[in-house]
Amino acid sequence: MKYEMPARIRFSEADSNGVLTLFHLINYLQDCSTFHGEDVNRGLRWSREIGAAWVIAAWQIHIRRLPSVGDRVVVKTWPYYFRGFMGYRNYTMETQEGELLVSANSEWIFMDLKNNRPVRTEKNLLEIFGAEHEEKLPEEFGERKIILTQQGEQQETFYIRDYHLDTNHHVNNGQYIRMAEQYLEQGFQTVHFRAEYKNQAYLGDAVVPRICRVENGYQISLENPEGISYFTAEFLAI
C-alpha cells in the first residue's frame, strides 16, 4: 500500500512567481517518508533508541509541473526494495484530481550513527511498511552516480551554519539543494534532477562550490577545501 500525505502549497514555500521551489518539493517528499516511518513505529524515536537512521544517498526526480500557492496536492511514497544496508523508495506528487506532477526515486543507506558506518536493516521491512506488493515506478531515472563532464568554475567558499543541520546533526539533504540552486541562472526551470550524497558535512565545515555548465543545464559539486565532494547535483531543463 502506498502511504499518502495530503497537503496544500503554502506561500512560504513558493518562489517569486508563486510556484513551489525545488527545495520545498524535496521537503514534501522527505516529510512524507518520515511520516510513513513514524506511523509504522520506525520513526525518529525508534532511530534514537537503536542508534541508527536512514541517510539519503541519491535522488532522481522528474518534474512535469510544479504546483502553485494554494494548490492542494497528494504526496505518495512506498519502499520497493531493501538489500543489506540499502533501501529504495519511490514518490509521486499529484493533484487532488490525480494529475501526476512529480515522480521520484531515492536510495538510502542505514547508518550506525555512533560509528558512522552502514549496518544491515531488518529483513521484513517491506512488510513492516505495508509495501510488500508495491513495485517500483516504470520510469528511467538515470544513474545514481553523477560524473562531472568538466572541471567547472570554482566559487567563493562558505561555511556550514546551525540552520543547515537536521536531527542527525549533519547537513539536511534539502539544504544541499538550496545551496546549489543559488548558482543557477535566474528563471532556470528544472525538469530533471539528480543528486548524489557522498560525504556528510557538519557545523563549521568549509564548502567550496564548483559549477559546470552542461547542455540543457548545470552540474554542481559542493566540496571540501581538499576537493572531496559532499554533494553533487545535476539540474536539467529538458
Side-chain angles (χ1 to χ4, degrees), residues 3 23 25-61 77-91 103-132 134-137 139 141-148 160 164-180 193-203 205 207 220-224 228-234:
Y3 184 84
F23 167 69
L25 169 63
I26 294 291
N27 285 339
Y28 272 110
L29 304 183
Q30 181 174 250
D31 287 346
C32 188
S33 50
T34 297
F35 291 147
H36 193 184
E38 292 290 340
D39 286 359
V40 298
N41 194 32
R42 291 299 183 275
L44 292 177
R45 181 180 298 178
W46 175 80
S47 292
R48 287 168 177 163
E49 288 175 353
I50 67 169
W54 288 104
V55 176
I56 187 71
W59 284 109
Q60 301 100 30
I61 301 175
T77 188
W78 63 98
Y80 60 86
Y81 187 56
F82 292 99
R83 181 183 63 190
F85 52 79
M86 294 295 298
Y88 302 83
R89 180 179 282 270
N90 281 160
Y91 301 80
S103 56
N105 184 59
S106 61
E107 303 178 25
W108 302 77
I109 300 174
F110 198 57
M111 296 287 293
D112 180 321
L113 299 178
K114 181 178 180 180
N115 298 308
N116 195 32
R117 64 184 183 187
V119 292
R120 288 186 173 273
T121 65
E122 300 165 276
K123 293 183 178 180
N124 62 333
L125 276 178
L126 284 178
E127 181 180 350
I128 290 172
F129 280 100
E132 60 267 40
E134 297 295 341
E135 298 183 355
K136 65 183 295 186
L137 287 169
E139 296 186 38
F141 284 101
E143 296 293 329
R144 167 187 168 180
K145 291 188 176 298
I146 301 172
I147 300 174
L148 299 182
I160 300 301
H164 293 131
L165 307 181
D166 62 18
T167 57
N168 295 320
H169 307 293
H170 55 67
V171 175
N172 174 270
N173 79 80
Q175 289 289 345
Y176 285 109
I177 296 168
R178 173 171 270 184
M179 295 172 191
F193 173 78
R194 290 191 297 150
E196 182 183 2
Y197 298 80
K198 300 181 178 181
N199 292 282
Q200 296 172 7
Y202 298 89
L203 182 66
D205 283 349
V207 179
I220 298 176
S221 179
L222 302 180
E223 305 172 351
N224 70 12
I228 298 173
S229 180
Y230 299 116
F231 166 87
T232 305
E234 182 176 72

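Just the heavy atoms: all of them, side chains too, but no hydrogens, waters or symmetry mates, feed the values below. Keep in mind the model is a prediction, meaning the values are calculated, not measured.
Taking each heavy atom of L222 and A180 in turn, the nearest pair found is CD1-N, 4.5 Å. When all heavy atoms of F231 and A195 are compared, the pair lying nearest together is CE1-CB, 3.6 Å. The two residues I56 and S106 have their closest heavy-atom pair at CD1-CB, 4.0 Å. Of all heavy-atom pairs between I146 and E196, the closest is N-OE1, 3.0 Å. The minimum heavy-atom distance linking M111 with P118 is given by the pair SD-N, 3.7 Å. Contact record, S229 with K198: O-CB, 3.4 Å, taken as the closest heavy-atom pair.
Applying the salt bridge (Lys or Arg N to Asp or Glu O under 4.0 Å) test to R120 and every residue at least two apart in sequence or in another chain returns nothing.
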Chi angles and distances behind the side-chain contact (heavy atoms from CB on, under 4.5 Å) call for I26, I61: CA-CA 9 Å; I26 294 291; I61 301 175; 3.3 Å; yes

Verify side-chain contact (heavy atoms from CB on, under 4.5 Å) between I109 and M86, making sure each step is shown before the conclusion. CA-CA 5 Å; I109 300 174; M86 294 295 298; 3.5 Å; yes

Output, in order, the C-alpha distance, side-chain angles, deciding distance and verdict of side-chain contact (heavy atoms from CB on, under 4.5 Å) for K136 and Y81. CA-CA 8 Å; K136 65 183 295 186; Y81 187 56; over 6 Å; no

side-chain contact (heavy atoms from CB on, under 4.5 Å) between T232 and L148, worked out: CA-CA 9 Å; T232 305; L148 299 182; 3.8 Å; yes

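A 4.5 Å side-chain heavy-atom check between N173 and V55 finds every atom pair outside the cut-off. Side-chain contact between V119 and F85 is absent, with no heavy-atom pair separated by less than 4.5 Å. Contact annotation: the side chain of N27 never approaches that of R178 to less than 4.5 Å [non-hydrogen atoms, C-beta and beyond].
Here the rule is side-chain contact (heavy atoms from CB on, under 4.5 Å) with R89, and of W108, F82, Y3 only W108 fits it.
Residue pairs satisfying the salt bridge (Lys or Arg N to Asp or Glu O under 4.0 Å) criterion with at least one member in residues 105-119, sequence neighbours excluded, are listed as follows: E107-R144.
Relative ring orientation between H170 and Y202 is described as perpendicular, the plane-to-plane angle rising above 60° on a 0-90° scale split at 30° and 60°.
One N or O on the side chain of N90 and one on the backbone of L137 form a donor-acceptor pair closer than 3.5 Å. Distance alone, capped at 3.5 Å, is enough to place a donor-acceptor pair between the R194 side chain and the K145 backbone. Y230 places no side-chain N or O within 3.5 Å of a backbone atom of V207 that could act as its donor or acceptor partner. W78 places a side-chain N or O within donor-acceptor distance of the main-chain N or O of E135, the cut-off being under 3.5 Å.
With rounding to the nearest 0.5 angstrom, the CD atom of E38 is 11.0 Å from the CG atom of D31. To the nearest 0.5 Å, the span separating NE2 on H164 from CE on M179 amounts to 4.0 Å. Here CG of D205 is found 8.0 Å from CG of N224. Values are rounded to the nearest 0.5 Å.
For Y80, the OH atom sits in a packed shell: over 12 heavy atoms of surrounding residues, nucleotides or ligands are nearer than 6.0 Å. For Y88, the OH atom counts as densely surrounded, since its 6.0 Å shell holds more than 12 non-hydrogen atoms of other residues, nucleotides or ligands.
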Which pairs of donor and acceptor atoms, one on a side chain in residues 121-132, lie under 3.5 Å apart (sequence neighbours left out)?
unit_1 : atom_1 : unit_2 : atom_2 : d
T121   : OG1    : G84    : O      : 3.3
E122   : OE1    : R42    : NE     : 2.9
E122   : OE2    : R42    : NH2    : 2.8

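With hydrogens and angles left out, the side-chain atoms of T77 and S33 include no donor and acceptor closer than 3.5 Å.
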